[in-house]
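These notes concern the structure reproduced below.
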Amino acid sequence: MFEIDSDILQMRVTARIVEDPRGGPIRRIINGRHHKPTGRYASTKARRSLPWEDIRELRYFYHCEADSRVLTYLAQPHRIEILVGRPRPLVYFPDIRRDLADGAVEIREVKRLYDPESDPDYDLKLGLAREVYRGLGWSFDIVEAATIEHPVTLRTVEEIQRNRDLRITAHHVFAALDVTRANGGAAPLAMVADALGGGLVGEALVHALVVRRYLSVDITKRLGPSALVAAVEGSLDAPRPRA
């Protein structure tokens, strides 16, 4: 998607990544100049309140909250200042950083739909940012509305994140893991929910355990009674969000 002119690549390009010293979002989105929905999302997995300025960003938070591959994530994680021989640097604020359980770092830009020809300068900025991230061993991609708002996936992640703050205990953790391990590592959601008291309460506890990465589900599939729920490998050893 990104094309960088060869003359640009031959220039001396210097980039600097600036982060908030407190470890939070580098840019405060919400202010009086906005004439569109904005807000903050209280993330259990990220252990903080995250700002959003587009409903798709909020919905992508749901993906991060429900995806067991994601250890933590941060909105507006930093800014990149890129010097390319111009009087002023190109400045870019990515939407989201995702830190995965396998050690990978993903930088994501959220768009309704991206047309690289609509703004060549902006596309150049994204292309240069991508090269900076590549040099760090990080991946960079644009996530469009069609992916974020796929009906099945969106319904699943919305349902899971809705119970993200539900209180769980050691009893809930071991009861759920015992069921999944007794069934070869994965069991139907209804079976795991029954081990947690059954009914809507049992299902809600399964959701909370998914957010906290004791359990995992395939977020691209419908979250029905037969949906497979798996134990997350090393789930009792890894640091996790607050209970």
Quiz prompt | Worked verdict on His78 versus Tyr133 for ring-ring contact (aromatic ring centres under 6.0 Å, His included) | solution = CA-CA 12 Å; His78 55 254; Tyr133 293 133; 5.7 Å; yes
Quiz item: Going through the distances and angles, do Val173 and Leu177 end up as a side-chain contact (heavy atoms from CB on, under 4.5 Å)?
Solution: CA-CA 6 Å; Val173 173; Leu177 294 181; 3.8 Å; yes
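Under the salt bridge (Lys or Arg N to Asp or Glu O under 4.0 Å) criterion, Glu203 pairs with no residue at all, not counting sequence neighbours. Evaluation of the ring pair (Phe, Tyr, Trp, His ring centres under 6.0 Å) rule for His172 yields no partner, not counting sequence neighbours. Taking the side-chain contact (heavy atoms from CB on, under 4.5 Å) definition, one finds that Ser49 meets it with Arg40, sequence neighbours left out. Shown here are the ring pair (Phe, Tyr, Trp, His ring centres under 6.0 Å) partners of His63, two or more places apart in sequence or in another chain: Tyr60.
Geometric assessment of Arg98 against the ring of Trp138 yields a negative cation-pi assignment under the 6.0 Å and 45° thresholds.
For residues 145-157, the set of pairs meeting the side-chain hydrogen bond (donor to acceptor under 3.5 Å, both in side chains) definition, not counting sequence neighbours, comprises Arg59-Glu149.
Lys111 places no side-chain N or O within 3.5 Å of a backbone atom of Ile142 that could act as its donor or acceptor partner. Although no hydrogens or angles enter the test, the distance criterion places no donor-acceptor pair under 3.5 Å between the side chain of Arg97 and the main chain of Ile107. In this structure, Arg212 contributes its side chain and Ala208 its backbone to a donor-acceptor pair below 3.5 Å.
Following chains of ILVMFWY side-chain contacts shorter than 4.5 Å, one can reach Ile17 starting from Phe140, so the two form part of one hydrophobic cluster.
A donor atom on one side chain and an acceptor atom on the other are found under 3.5 Å apart for Asp165 and Thr44. A donor and an acceptor atom, one from each side chain of Tyr73 and Ser43, are located under 3.5 Å apart.
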With a cut-off of 3.5 Å and sequence neighbours excluded, list every side-chain donor-acceptor pair involving residues 184-194.
none

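With rounding to the nearest 0.5 Å, the separation of OH in Tyr41 from CD in Glu65 is 4.0 Å.
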